[in-house]
Amino acid sequence: MKSSGSVVVTNEFASVEIRVDHQSNGPTAWVTDRKSGVTRKIDPLALEGLVWAPDCLIESLADPGHRGA
């Protein structure tokens, strides 16, 4: 995967690495949970959806007790 480098974003609760893949049909973000190694490909439409999501949805995603199947 060709990337333009990566950025690590960390606080006391989480640490993720974000890379941008330029080989897809346009740039795509790859986000990796540094603790578990789980990686998810996120396209720009999904990222925009996060921007517009209500705060209660974002808060439920950030709840450590909420890990959807």
Side-chain angles (χ1 to χ4, degrees):
M1 169 177 64
K2 179 182 175 187
S3 68
S4 61
S6 65
V7 175
V8 174
V9 181
T10 303
N11 69 12
E12 63 271 26
F13 304 109
S15 180
V16 297
E17 178 181 3
I18 304 166
R19 297 183 317 261
V20 178
D21 175 8
H22 292 280
Q23 292 183 335
S24 300
N25 293 335
T28 302
W30 287 85
V31 181
T32 302
D33 174 18
R34 296 181 75 213
K35 181 177 179 182
S36 68
V38 173
T39 299
R40 180 169 300 260
K41 179 179 174 181
I42 306 176
D43 71 15
L45 183 59
L47 288 171
E48 184 178 353
L50 286 174
V51 171
W52 288 100
D55 289 342
C56 61
L57 175 60
I58 301 299
E59 290 166 6
S60 71
L61 292 172
D63 179 354
H66 175 82
R67 295 286 186 238

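The two atoms that bring Leu50 and Leu61 nearest to each other are CD2-CD1, 4.4 Å, heavy atoms only. For Ser36 against Asp33, the heavy-atom pair with the smallest separation is OG-OD2, 2.8 Å. Contact detail for Ile42 and Thr28: the closest heavy-atom pair is O-CG2, 3.6 Å. Nearest heavy-atom pair, Val8 versus Ser15, reported as atom, atom and distance to 0.1 Å: CG1-OG, 3.9 Å. For the residue pair Leu57 and Ala53, the shortest heavy atom distance occurs at CD2-CB, 3.8 Å.
Summarising the local packing, CG of Asp55 is surrounded by 12 or fewer heavy atoms from other residues, nucleotides or ligands at distances under 6.0 Å.
Follow the hydrophobic side-chain contacts under 4.5 Å out from Val31 and you reach Val7 in the same cluster.
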